[in-house]
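Report on the following structure.
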Amino acid sequence: MKILLNYLTIILSLFALQNIALAEINTLSSNKKSTHLGWVEEGNQTYIDSYLLVQNLASESIITTLEKQPKNSQSEKIFPTNSQPQTPKEKLAAADRLYLAGEKAAAEKLYREVKEPFSEDIETQVDRPQPIYELTELPVKAQKYWEQVQKGLARNIKTQIFVSLELLVKEYPQFIPGHIQLAEAFKNYQEIELALEVLNQAVALYPNEPELVKATIAALADDKQWLEATLFAQQFALMNPEHSQVNEFNQLAETYRKKFQSQLKSRLRRNAIANIVTGALGVAITGNPLAAMNAVQTTSMMLRGEARIGKNIANSARKSLPMIEDKEILKYVNDMGKKLAEMTGRNEFEYNFYIVNDENLNAFALPGGQIFINLGAIVKTNSEAELAGLVAHELAHTVLSHGFKLMSEGSLVTSIVQYVPYAGGAASNLIVLNYSRKMERQADVLGTKILVSAGYAADGLRNLMVTLNEGKEDLGILAWLSTHPETAERVSYLEELIVNSGYNRYAYEGVVYHGKMQARAKALLVEKKKDFSGI
């Protein structure tokens with residue numbers, strides 16, 4: 001009898017523990033929405049483990065008894081199965097939650113359901129042969145070309161040198177010494193522009209080959225293009241932070257930066273008097289104090305460095321543009337921007353992110369980390385990853401010193417004077433800096449790398465290009481595109497970059513909170529239109 005009573009006591013205790021465990025799990029799950037079976041926080045796991053322990057302690061007869069019991073209706077609510085996401089945004093939101101929870105495979109499955117695959121021929125486009133440095137690794141035909149080159153060099157027969165080299169690099173572009181030798185041949189015959197063209201084409205094919213990059217830097221230095229040599233070295237170091245030669249490239253960048261500054265000082269001293277006169281006339285004619293920056297302030301700021309330039313111009317621009325002061329939107333963009341800026345590798349800048357109350361999808365970067373983003377960029381992008389792609393692109397311009405280079409050529413301040421309204425005009429067209437197509441491509445490539453490093457979907461910038469293309473009828477977007485490469489071209493080479501580099505496009509998109517910020521941004525734009533309705 002005593003044994004029977006003990007047996008019954010154990011059964012009752014086990015049922016009690018089971019119900020407590022289930023009750024705790026149900027309480028926790030009711031406080032947390034979930035669309036998948038995988039969420040288990042550390043605290044929740046304790047209760048689940050307790051429940052499993054109780055089940056394992058029961059004897060076979062007790063387990064049989066439990067199996068015969070009717071299912072607890074509340075246990076059905078622990079992990080609901082009838083809340084599957086249906087719309088693309090719901091699927092992206094669910095995928096984001098899975099991704100952040102570490103369930104990458106489940107997240108990728110949902111991302112793939114929403115994201116269309118890249119064009120079918122991308123894989124073949126990026127299937128370039130691996131670079132080769134040893135002649136013996138080439139076919140006999142290529143070795144014959146190289147043999148003819150050496151005979152031509154020995155006898156100084158120009159035709160034999162160039163015909164053989166051009167055939168070699170055309171048919172066997174993977175042979176890196178061929179490109180370098182062809183560039184050297186052009187330099188020997190005082191054809192520096194052709195030498196640089198050869199090297200730039202080779203670097204476009206094999207951007208991570210240090211010998212090609214060094215040859216290009218040397219050619220730029222031979223032509224006394226100190227700033228360009230600096231930026232080329234700096235770009236390689238930024239894009240290849242783990243490379244064994246990164247310190248060497250940083251040192252090259254610093255060496256040529258000093259040469260550029262010395263060259264700049266000399267040039268500015270010669271032009272100082274003319275600049276003062278020009279600056280005073282600019283203010284008198286336009287009434288815009290920014291005009292003087294093309295002369296007097298530029299002279300001093302250029303010598304103080306990029307950070308000082310950017311802050312001075314940013315302060316002037318903020319006085320002229322309708323700025324957003326909404327704390328929540330500013331925090332959203334600044335948190336994103338700071339996270340991206342940490343990935344750039346240039347910590348000497350103080351990065352600041354400003355929001356302009358303008359409905360167009362637009363942004364611009366000033367030297368030294370001063371980034372301006374239109375409110376319309378939040379409204380018209382489809383996810384945080386897209387907006388981050390735009391910000392990363394502008395950050396890339398900054399860290400690659402593109403604005404500083406434009407200023408050295410006199411075109412940066414000219415752009416600002418032209419596009420930033422003074423004395424209260426509407427900012428329908430923001431600053432459209434005259435970056436070259438080469439600069440834009442560099443910013444796209446580095447911007448995508450920054451985006452990936454920060455944990456966003458690799459196709460954020462690529463998708464932004466698609467969004468821009470879809471809204472081409474918007475004049476504001478056309479203003480942004482006016483000096484940029486065609487979006488179709490950019491989409492293509494960004495897809496190649498993502499596939500060729502093995503970047504993950506099935507990562508965080510950020511649609512939920514971005515949607516909240518979109519709603520807030522739209523409300524601010526509506527208020528702005530009301531404010532100006534009587535004008």
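- Arg505 CZ to Asp459 CG: the interatomic distance, rounded to the nearest 0.5 Å, is 4.5 Å.
- Atoms CD1 and CG, from Ile373 and Leu387 in turn, are 6.5 Å apart once rounded to the nearest 0.5 Å.
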Derivation of the side-chain contact (heavy atoms from CB on, under 4.5 Å) call for Asn240 and Val246: CA-CA 7 Å; Asn240 301 275; Val246 67; over 6 Å; no

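- Contact between Thr448 and Ala458 at its shortest, heavy atoms only, is CG2-O, 3.6 Å.
- Evaluation of the ring pair (Phe, Tyr, Trp, His ring centres under 6.0 Å) rule for Phe249 yields Phe236 as partners, not counting sequence neighbours.
- The nearest pair of heavy atoms linking Ala507 to Ala457 is O-CB, 3.7 Å.
- A heavy-atom distance below 4.5 Å is not found between the side chains of Val391 and Glu394.
- Among all heavy-atom pairs drawn from Tyr206 and Pro131, the shortest one is CE2-CD, 3.9 Å.
- Contacts of Glu137 classified as salt bridge (Lys or Arg N to Asp or Glu O under 4.0 Å), with partners at least two apart in sequence or in another chain: none.
- Ala377 and Asn362 make their closest contact through CB-O, 4.2 Å (heavy atoms, listed as atom of the first residue, atom of the second, distance).
- With sequence neighbours excluded, the residues forming a side chain to side chain contact (heavy atoms under 4.5 Å, CB included) with Thr87 are Lys89, Glu90, listed by chain and number.
- Just one of Asn200, Leu400, Leu252, Leu199 meets the side-chain contact (heavy atoms from CB on, under 4.5 Å) condition when paired with Phe232; it is Asn200.
- Take Asn352 and apply the side-chain hydrogen bond (donor to acceptor under 3.5 Å, both in side chains) test, not counting sequence neighbours, and it matches Gln370.
- In this view, Lys104 satisfies the side-chain hydrogen bond (donor to acceptor under 3.5 Å, both in side chains) rule with no residue, not counting sequence neighbours.
- Salt-bridge formation is detected for the pair Glu350/Lys311: a Lys NZ or Arg NE/NH1/NH2 atom is positioned less than 4.0 Å from an Asp or Glu carboxylate oxygen.
- Residues satisfying the side chain to side chain contact (heavy atoms under 4.5 Å, CB included) criterion with Leu100, sequence neighbours excluded, are Tyr508.
- Counting heavy atoms from C-beta on, the side chains of Tyr506 and Tyr99 never come closer than 4.5 Å.
- Here CZ of Arg437 is found 9.0 Å from CZ of Arg490. Values are rounded to the nearest 0.5 Å.
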Working for side-chain contact (heavy atoms from CB on, under 4.5 Å), residues Val491 and Asn463: CA-CA 8 Å; Val491 168; Asn463 293 339; over 6 Å; no

side-chain contact (heavy atoms from CB on, under 4.5 Å) between Ile355 and Met323, worked out: CA-CA 6 Å; Ile355 310 296; Met323 306 304 296; 5.9 Å; no

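- Scanning for side chain to side chain contact (heavy atoms under 4.5 Å, CB included) contacts around Asp335 gives Lys331, with sequence neighbours left out.
- Not counting sequence neighbours, His179 has no partner by the side-chain hydrogen bond (donor to acceptor under 3.5 Å, both in side chains) test.
- Shown here are the ring pair (Phe, Tyr, Trp, His ring centres under 6.0 Å) partners of Phe175, two or more places apart in sequence or in another chain: Trp146.
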Below 3.5 Å, can you tabulate the donor-acceptor pairs from side chains in residues 509-519 to any protein atom, sequence neighbours excluded?
residue, atom, partner, partner atom, Å
Glu509, OE1, Ser383, OG, 3.0
Glu509, OE2, Lys115, NZ, 2.6
Tyr513, OH, Glu328, OE2, 3.4
His514, ND1, Tyr332, OH, 2.7
His514, NE2, Ile378, O, 3.4
His514, NE2, Thr381, O, 3.2
His514, NE2, Thr381, OG1, 3.1
Gln518, NE2, Ile378, O, 3.4
Gln518, NE2, Val379, O, 2.9
Gln518, NE2, Thr381, O, 2.7

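- Here the straight-line distance linking atom CG of Leu468 with atom CG of Leu390 works out to 8.0 Å at 0.5 Å rounding.
- Put simply, CD on Glu103 and CG on Leu110 are 10.5 Å apart, with the number rounded to the nearest 0.5 Å.
- The minimum heavy-atom distance linking Ala454 with Met343 is given by the pair N-CG, 4.0 Å.
- Here the side chains of Gln174 and Gln130 are not in contact, with every heavy-atom distance at 4.5 Å or above.
- Not counting sequence neighbours, the partners of Tyr354 by the ring pair (Phe, Tyr, Trp, His ring centres under 6.0 Å) test are Phe372.
- No hydrogens or angles considered: a donor-acceptor pair under 3.5 Å links the side chains of His393 and Glu440.
- For the atom pair CG (Leu461) and CG (Leu497), the distance works out to 9.5 Å, reported to the nearest 0.5 Å.
- Lys214 meets the side-chain hydrogen bond (donor to acceptor under 3.5 Å, both in side chains) test with Gln245, Glu248; sequence neighbours excluded.
- Summarising the local packing, CD of Glu348 is surrounded by more than 12 heavy atoms from other residues, nucleotides or ligands at distances under 6.0 Å.
- The shortest heavy-atom contact between Leu451 and Gly389 is CD1-N, 3.6 Å.
- Side-chain atoms of Glu209 and Tyr133 include a donor-acceptor pair closer than 3.5 Å.
- The aromatic rings of Tyr351 and Phe353 sit parallel to each other, their planes meeting at less than 30°, with 60° as the upper class boundary.
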Residues Glu108, Arg112; criterion salt bridge (charged side-chain N to carboxylate O under 4.0 Å, His left out); working and verdict: CA-CA 6 Å; Glu108 181 173 334; Arg112 284 183 179 275; 2.9 Å; yes

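- Side-chain contact check for Glu495 versus Ile498: every heavy-atom pair is 4.5 Å or farther apart.
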Intermediate values then yes/no, side chain to side chain donor-acceptor pair (under 3.5 Å), Asn382 and Thr467: CA-CA 8 Å; Asn382 297 307; Thr467 298; 3.2 Å; yes

Tyr456 and Leu340: CA distance, side-chain angles, deciding distance, side-chain contact (heavy atoms from CB on, under 4.5 Å) verdict: CA-CA 10 Å; Tyr456 289 103; Leu340 292 165; 4.1 Å; yes

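- Val399 is listed as a side-chain neighbour of Leu446, based on a closest heavy-atom distance under 4.5 Å.
- Here the side chain of Lys339 pairs no donor or acceptor atom with the backbone of Asn334 at under 3.5 angstrom.
- No hydrogens or angles considered: a donor-acceptor pair under 3.5 Å links the side chains of Asp358 and Asn360.
- Within the 4.5 Å cutoff, the side chain of Lys91 has no heavy atoms near those of the Tyr111 side chain.
- Counting only distance, with no hydrogens or angles, the side chain of Ser492 and the backbone of Glu489 share no donor-acceptor pair below 3.5 Å.
- Judged by distance alone, the side chains of Arg441 and Tyr493 never bring a donor and an acceptor atom under 3.5 Å apart.
- A donor-acceptor contact shorter than 3.5 Å links the side chain of Asp326 to the backbone of Ile329.
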